Amino acid sequence: MEKQLKVSPSAEGPEQYCEARPMLAVLGPTASGKSELALRIAIAFQGEIVNCDSLQVYRGFDIGTAKLSGPERRGVPHHLIDMLDPRDMFTAGEFARQARGAIGDITRRGNLPILAGGTGFYLRSLVHGLSPGPTRDASLRERLTARERRRPGSVHRLLRRFDPVSAGRIHPNDIPKAMRALEICMVSRQPASVVLAQNREALEGYRVLKIGLFPPRDELYKRIERRTERMFREGLPAEVEALLAQGVPADAKPFESLGYRQALALLRGEMDVTQAIFDTALRTRQYAKRQLTWFRHEPDIQVVEGFGDNPKVVAEVMEKVREFTVASEC
């Protein structure tokens, strides 16, 4: 086992630890081996893993999210997994609040917090903070939703007019994010990019080592294709059927995600299995490309070329973590 960072707990709370406690983040696109690498780090450095994936928070959504089963977690504590009913809404701000609580508890136990996941906006909300922005305007949202139905793409086009910076950051197909940004523009009468840069509450008291996995794109795409085929072969449509039978509505937020959306279409007879697999793999490759772009712009990220289960990558990352934790000792 690697040399472990030990921080003596105190009844006084986290403020009695080192002035800047260590925290890790294992980041990268889907199918890049983040979970495996995070597990190996946790086992070597007495760590606990905090989920940073926007779908793994939901109970019952397992196969399509590549969620590790209990035995696959190898005794390593995991947090913010299977914590929500699929009908519940979960925002980046709520993630930041809950993740900060989990990280504080892990630190108080003298262990190393390790974030693992591919939802870059969640990480940014945790580390750099989010401005709360104006409250949601139900009437405005209804009008924007109706407009988008009549004229697909109109929400993002409007956003480009009011806030080119936010429009450049949000994919045209990501209607919920585009609508929220446009709502902020219209309610506050300022660009959302300006509003959300104000009054942020950044994470304090932690040094963060961000490990970014950047595998070769061609190999990543092949892994995505194999994983997609395996998900459908190992029961993704049956999982969706069971969730529907339990009363989860077909319009629940997690059903909008890749794989689940296509499995729903398969069950409705709108696609056959070959089409469902092809469409899922195609759109997942596109999503992975966007993730790579996002993480390349993540401040202070340590770029690691390769997959998280590659022995050379593991050795390289272990050395980075060892140096980081030694430097963090108090």
Side-chain angles (χ1 to χ4, degrees), residues 30-31 35 49-73 78-99 102 116-119 121-122 125 136 138 141-142 144-146 148-149 152 155 171 173-180 224 227-284 286-287 291:
T30 185
S35 297
I49 293 173
V50 179
N51 168 51
C52 190
D53 181 286
S54 62
L55 291 171
Q56 292 196 11
V57 297
Y58 291 106
R59 291 187 291 272
F61 285 74
D62 302 331
I63 296 173
T65 64
K67 189 184 296 176
L68 296 181
S69 66
E72 288 173 328
R73 297 174 195 175
H78 282 63
H79 307 272
L80 274 59
I81 286 182
D82 291 334
M83 56 183 285
L84 294 179
D85 183 276
R87 303 166 187 81
D88 295 337
M89 291 296 294
F90 194 62
T91 66
E94 181 63 17
F95 166 79
R97 188 184 70 79
Q98 299 227 19
T119 305
F121 190 57
Y122 274 20
S125 72
R136 293 175 183 265
R141 281 178 164 260
E142 286 177 9
L144 291 174
T145 300
E148 181 67 24
R149 286 200 191 101
V155 166
H171 192 275
N173 293 340
D174 196 340
I175 305 302
K177 284 183 184 174
M179 188 174 297
R180 175 56 179 160
I224 287 171
R227 176 189 274 190
T228 302
E229 291 176 1
R230 188 169 62 251
M231 287 191 314
F232 277 85
R233 187 175 63 246
E234 294 181 355
L236 178 58
E239 179 176 281
V240 170
E241 200 165 26
L243 287 164
L244 294 171
Q246 293 164 18
V248 179
D251 61 354
K253 182 68 176 176
F255 276 139
E256 297 175 4
S257 59
L258 295 171
Y260 288 98
R261 187 192 319 164
Q262 288 80 3
L264 273 173
L266 173 62
L267 293 174
R268 290 168 173 163
E270 298 166 359
M271 290 182 175
D272 62 29
V273 68
T274 301
Q275 292 171 320
I277 291 172
F278 176 84
D279 192 65
T280 302
L282 172 64
R283 295 179 186 277
T284 305
Q286 294 169 343
Y287 175 57
Q291 287 178 299

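Bear in mind the structure is a predicted one, so any value in this text is a computation, not a measurement.
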### Query
Are the side chain of R141 and the backbone of R136 linked by a donor-acceptor contact shorter than 3.5 Å?
no
### Query
Minimum heavy-atom separation for R87 to Q246, with atom names?
NH2-O, 3.7 Å
### Message
Hydrogens and angles aside, do R227 and T284 bring a side-chain donor and acceptor to less than 3.5 Å of each other?
### Response
no
### Message
Please list all pairs meeting salt bridge (charged side-chain N to carboxylate O under 4.0 Å, His left out) that have one or both residues in residues 231-244, counting only residues at least two apart or in different chains.
### Response
none
### Task
Please report the shortest heavy-atom distance between I63 and L236, naming the atom on each side.
CD1-N, 3.9 Å
### Message
Counting only heavy atoms from other residues, nucleotides and ligands, does the tally under 6.0 Å from CZ of F121 exceed 12?
### Response
no
### Query
T91 side chain to E94 main-chain N or O, any donor-acceptor pair under 3.5 Å?
yes
### Task
Applying ring-ring contact (aromatic ring centres under 6.0 Å, His included), name anything that partners F255, two or more places apart in sequence or on another chain.
F61
### Query
Does D53 reach the side chain of Y122, with side-chain heavy atoms less than 4.5 Å apart?
no
## Note on the structure
Scanning both residues in full, the closest heavy-atom pair of A92 with S125 reads O-OG, 3.2 Å
### Query
Donor-acceptor pair, T119 side chain versus S54 backbone, under 3.5 Å?
yes
### Query
What pair of heavy atoms forms the shortest contact from R59 to L243, and how long is it?
O-CD2, 4.4 Å
### Message
When you measure from the side chain of K253 to the backbone of F90, do you find a donor-acceptor pair of N or O atoms at a distance under 3.5 Å?
### Response
no
### Task
Evaluate the side-chain proximity of F232 to T280: yes if any heavy-atom separation is below 4.5 Å, no if none is.
yes
### Message
Looking only at side-chain N and O atoms, does E72 offer a donor or acceptor that is under 3.5 Å from a partner on S69?
### Response
yes
### Query
Which atoms form the tightest heavy-atom contact between A252 and P86, and what is the distance?
CB-O, 3.8 Å
### Nearest heavy atoms of E148 and V155, plus distance in Å
OE1-N, 3.0 Å
